[in-house]
Amino acid sequence: MPRFYVTTPIFYLNGKPHIGHAYAVTVADVLARWHRLKGDDTFFLTGTDEHGEKVAKKAQENGLSPQEHVDQLSESFRKAWKKLNISNNDFIRTTELRHEKAVRHFVKLMHDNGDIYEGVYEGWYCTPDETFIPESQLIDGKCPECGREVKKLKEETYYFRLSRYQDRLLEYYSENPDFILPRKRTLEIVNRVKEGLKDLSMTRPSVKWGIPFTFNEKHTVYVWVDALINYLSALGWPDSEPKYWPADIHIVGKDIMWFHAVIWPAMLMSAGFKPPKSVLVTGHYIVEGRKMSKSLGNVTDPLELVDKYSVDALRYFLMREMPLGDDGDFSEQLLKARNNNELASDLGNLVYRVLTMTEKSGGKLEGRPELEKSLELKTFQEEMDRYDTYKALETVWRFIKASNKYINDTKPWELEGEALSNALYNSVEACRVISILISPFMPETAEKISKQLGIPLGRLEDCRFSKIGYLPKKGSPLFIRVD
RNA sequence: AGCGAGGUAGGGUAGACUGGAGUGCCCGCCGGGCUCAUAACCCGGAGAUCGGUGGUUCAAAUCCACCUCUCGCUACCA
C-alpha cells in the first residue's frame with residue numbers, strides 16, 4: 001500500500017489561530033483526505049511549536065508560567081482544528097517528552113557526524129526584548145519591534161556546519177526538481193544557496209525556555225532546530241523506526257521556506273536521514289488588501305466565519321480563492337459570493353432540484369450513463385496528485401455545471417416513463433460522484449449528500465456511473481445563501 | 001543594492017516552457033430561454049492596442065533586449 005505523509009508547520013504559540021494557520025492546515029487536510037480516499041496509508045501531522053524566548057515573554061505578560069501558557073494556547077489550536085474538521089492523525093507539541101527525547105538524540109547524531117562545534121555568535125541584540133535581530137531587519141539601526149537601541153553582543157554558541165552541505169543541497173535540488181513547489185520558487189533558494197551558506201548558531205545560552213543542549217546543559221537548542229525535528233519525533237522516533245519517513249510533503253508558508261528547504265534537509269543529511277520529498281510553499285492570505293496584523297485590527301478569526309457560514313464554506317473558500325503558492329485576498333465579501341454562487345447555487349441547488357424531481361417521480365432510476373462523458377476523472381486525479389487542488393476544484397465544478405446543463409437540456413419535468421427514468425438516473429448518479437470528488441474538500445457536505453442519497457460515502461473507485469441500488473430522499477438544502 | 005516572481009476586458013485568473021486568428025474560466029454588467037429548483041438553472045451579448053519600446057519571425061500575449069510599475073526574499077524573532 002502506498003504511504004503518504006503530510007505535515008503542516010507547527011504553529012508558534014504567540015497568538016491564537018488565525019486565517020493563515022487555518023489555510024495551511026486545510027491544505028494539508030485536503031491532501032490527507034485525498035490520499036485516504038485513494039486508499040493510501042496516510043499520516044497527517046500538525047501541532048504547536050512551544051519553546052523560545054517569545055513564548056516565555058508572552059506567558060509572563062499574561063501572568064502565567066510558560067507551561068501554563070502553552071497548555072492553554074495549544075488547546076485553542078486543537079479545538080479550532082476540530083471545528084474545522086481537520087483529520088490529523090497526531091498533534092505534536094514540542095514540550096512533550098517524546099519530542100525532547102527525539103531532539104536530544106537527533107542533536108547527538110549531528111554531533112557524532114562532526115557537524116557541531118563551539119564558537120561565538122556576534123549580533124545585534126535588543127536588551128528589552130531579549131533577542132538578537134538580523135542586521136537586515138534593523139530599522140535605522142534600531143529594534144524593529146520596539147524601536148529602541150540595539151547593541152552588539154557576543155555570546156557563546158554551538159554551530160551546525162551548514163556550510164558543509166552546500167554542494168549536497170544543490171545536488172539534491174537539481175536531482176529533485178519537484179522538491180520545492182511550486183517550481184518557480186526553486187530558483188530563489190538555489191541562487192541563495194549558491195551565494196554561500198554560513199554555519200548556523202544552533203544553541204542559546206541565554207534562553208531558558210527550551211530543550212537543553214545535550215553537550216552543554218547550560219545552553220538550550222535554538223527553537224528552529226528544535227521545531228523542525230517534530231516531523232520525526234511524531235513518528236515515534238527514536239524509539240521506533242519512523243515508518244512514514246521521508247515525508248511526502250511539508251506544507252509551509254513562504255516566510256519559512258528557507259528553514260524547510262535548506263536548513264532542515266541539511267540537518268537530516270547530517271543525522272543520516274533522507275530529506276523530505278517535497279516542500280509545498282503556500283502564499284499568504286492578505287485581508288482586504290492589507291497584511292493581517294494586530295495593529296490594523298484585521299486579524300480574522302476563522303471560527304467566527306465557521307459559525308456564520310459553515311465549515312465547508314470556509315474550507316471551500318480557502319482552497320478555491322487562491323491558487324497554491326500565490327497570495328490571496330481574504331474578505332468576507334468574497335467568501336459570501338462563493339458561498340452563494342458556487343456552493344448554494346451551483347452545487348446545493350443541483351442536488352436539491354435533482355432530489356425533488358426524483359421524489360416527485362417516485363418511479364424507477366434506470367438508464368444509460370450519458371452524463372458520465374462530462375466527468376474528467378483522470379484530469380481530476382492528476383491535478384490532485386500534483387497538489388494542484390485549485391485546478392482540481394475547477395474540474396469538479398465543470399462537471400457540476402455540465403450536470404445542471406444536462407437537466408436543462410433533457411427537461412425531466414416534461415418527461416415520463418423510460419425517458420424520465422433515464423434523465424433522473426444520470427442526474428442522481430452525477431450527484432453521487434460529486435459527493436465523492438468533493439469529499440477531501442468538504443467532508444461534511446459529502447456526507448450530507450450521501451445521506452440524502454441513502455448510501456454510505458463512496459471511495460474513489462466508485463466514481464463511475466453504475467446501477468442504482470439506493471433510494472434517495474430529499475433533505476434540506478446543503479448551503480444557505482447569506483445576505 | 002542583490003536575487004526572485006509578476007503586470008491579459010470593470011475586478012480576478014488560465015494560456016507563455018513546446019510561437020500560429022485574443023482562445024478560455026469565475027465574478028460583475030446587458031438581453032433572452034426555462035419553470036424541476038435555494039430570485040436558483042440554461043443560452044446569447046457587450047467589454048482587452050495581452051505594462052511600454054525595439055528586435056527575431058511568414059507569424060509574438062508567448063522568444064530576445066531595454067525600459068517601467070507592483071510584490072516577495074536577503075538566513076539565526078518565529
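So you know, we letter chains A, B, ... as the sequences are listed, proteins then strands, and number each from 1.
Nucleotides B:rG44 and B:rU8 have their C1' atoms positioned 24 Å apart, rounded to a whole Å. Comparing the P positions of B:rG12 and B:rG54 gives an interatomic distance of 27 Å, to the nearest angstrom. Look at the C1' atom in both B:rG15 and B:rU62: the space between them is 9 Å, to the nearest Å. Here the separation of B:rA1 from B:rA16, taken at their C1' atoms, is 30 Å to the nearest Å. B:rG7 and B:rA61 have their P atoms separated by 14 Å, given to the nearest Å. Remark: the separation of the C1' atoms in B:rA5 and B:rC43 is 40 Å, to the nearest Å. Only the C1' atoms considered, B:rA9 is 11 Å distant from B:rG22, to the nearest whole Å. Taking atom C1' in both B:rC71 and B:rC26, one finds a spacing of 23 Å when rounded to whole Å.
In this structure, A:Ala337 and A:Lys198 both approach RNA chain B, and ranking their closest nucleotides by distance from the 5' end singles out A:Ala337. Heavy-atom distances to RNA chain B give each of A:Asp199 and A:Glu188 a nearest nucleotide, and the one nearer the 5′ end belongs to A:Glu188.
Cation-pi geometry between A:Arg78 and A:Phe91 is met: the NZ or CZ atom falls under 6.0 Å from the ring centre, inside 45° of the normal. With a 6.0 Å cutoff to the six-membered ring centre and a 45° limit on the axis angle, A:Lys152 counts as a cation-pi contact of A:Trp124.
Summarising the geometry, the separation between NZ on A:Lys254 and P on B:rA75 is reported as 17 Å, rounded to the nearest angstrom. Separating the CZ atom of A:Arg398 from the P atom of B:rA14 is a distance of 15 Å, rounded to the nearest angstrom. When the C1' atom of B:rC73 is taken as reference, atom CD1 of A:Ile189 falls 9 Å away, rounded to whole Å. Atom pair A:Trp397:CH2 and B:rC26:P shows a separation of 13 Å (rounding to whole Å applied). In this structure, OH of A:Tyr159 is placed 15 Å from P of B:rA75, rounded to the nearest angstrom. We find that CD of A:Glu394 is positioned 10 Å from P of B:rG15, with the value rounded to whole Å. Rounding to whole angstrom units, CG of residue A:Leu334 and P of B:rC26 are separated by 17 Å. As a whole-Å value, the separation of A:Leu197 CG from B:rA75 P is 13 Å.
Looking at heavy-atom distances under 4.0 Å, A:Asp226 makes no contact with the nucleic acid at all. Counting any heavy atom pair closer than 4.0 Å across all strands shown, A:Ile263 reaches no nucleic acid atom. At the heavy-atom level, A:Gly253 lies nowhere under 4.0 Å from the strands shown. Using a 4.0 Å heavy-atom distance criterion, A:Trp224 is classed as a base contact. Note on A:Asn341: only backbone sugar-phosphate atoms sit closer than 4.0 angstrom, heavy atoms only; bases stay farther off.
By the side chain to side chain contact (heavy atoms under 4.5 Å, CB included) test, A:Val193 pairs with A:Gln166, A:Leu170, A:Tyr173, A:Ile189, A:Leu197, A:Trp258, A:Val262, sequence neighbours left out. Every residue two or more places apart in sequence or in another chain was checked for a salt bridge (charged side-chain N to carboxylate O under 4.0 Å, His left out) with A:Arg353, and none qualifies. Scored by the ring pair (Phe, Tyr, Trp, His ring centres under 6.0 Å) test, A:Tyr158 finds A:Phe213, A:His219 as partners (sequence neighbours excluded). Applying the side chain to side chain contact (heavy atoms under 4.5 Å, CB included) rule to A:Ala344 yields the partners A:Phe479, A:Arg481; only residues at least two apart in sequence or on another chain are considered. Listed by chain and residue number, nothing satisfies the side-chain hydrogen bond (donor to acceptor under 3.5 Å, both in side chains) test with A:Glu359 (two or more places apart in sequence, or in another chain).
Judged by distance alone, the side chains of A:Ser65 and A:Gln67 never bring a donor and an acceptor atom under 3.5 Å apart.
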task: Give the dot-bracket string for RNA chain B, reading 5' to 3', where a pair is Watson-Crick or G-U wobble with both distances under 3.5 Å, ( ) marks pairs inside the strand, [ ] marks pairs crossing earlier ones, | marks a partner on another strand, and . marks unpaired.
output: ((((((((.[[[[[)....(..]]]]].(((((.......))))).....[[[[[..)....]]]]])))))))....
query: In B/S/- notation, 5' to 3', how is nucleotides 32-39 of chain B contacted by protein heavy atoms closer than 4.0 Å?
result: -BSSBBB-
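Which of B:rG4, B:rG15, B:rA75 sits closest to the side chain of A:Lys391 comes down to B:rG15.
Other residues, nucleotides and ligands contribute at most 12 non-hydrogen atoms within 6.0 Å of the CD atom of A:Glu416.
Listed by first and then second residue, the ring-ring contact (aromatic ring centres under 6.0 Å, His included) pairs that reach into residues 400-420 of chain A come to none, sequence neighbours excluded. Residue pairs meeting the side chain to side chain donor-acceptor pair (under 3.5 Å) criterion with at least one partner in residues 391-403 of chain A, sequence neighbours excluded, are A:Asp346-A:Trp397, A:Glu376-A:Arg398, A:Glu383-A:Thr395, A:Thr395-A:Arg398.
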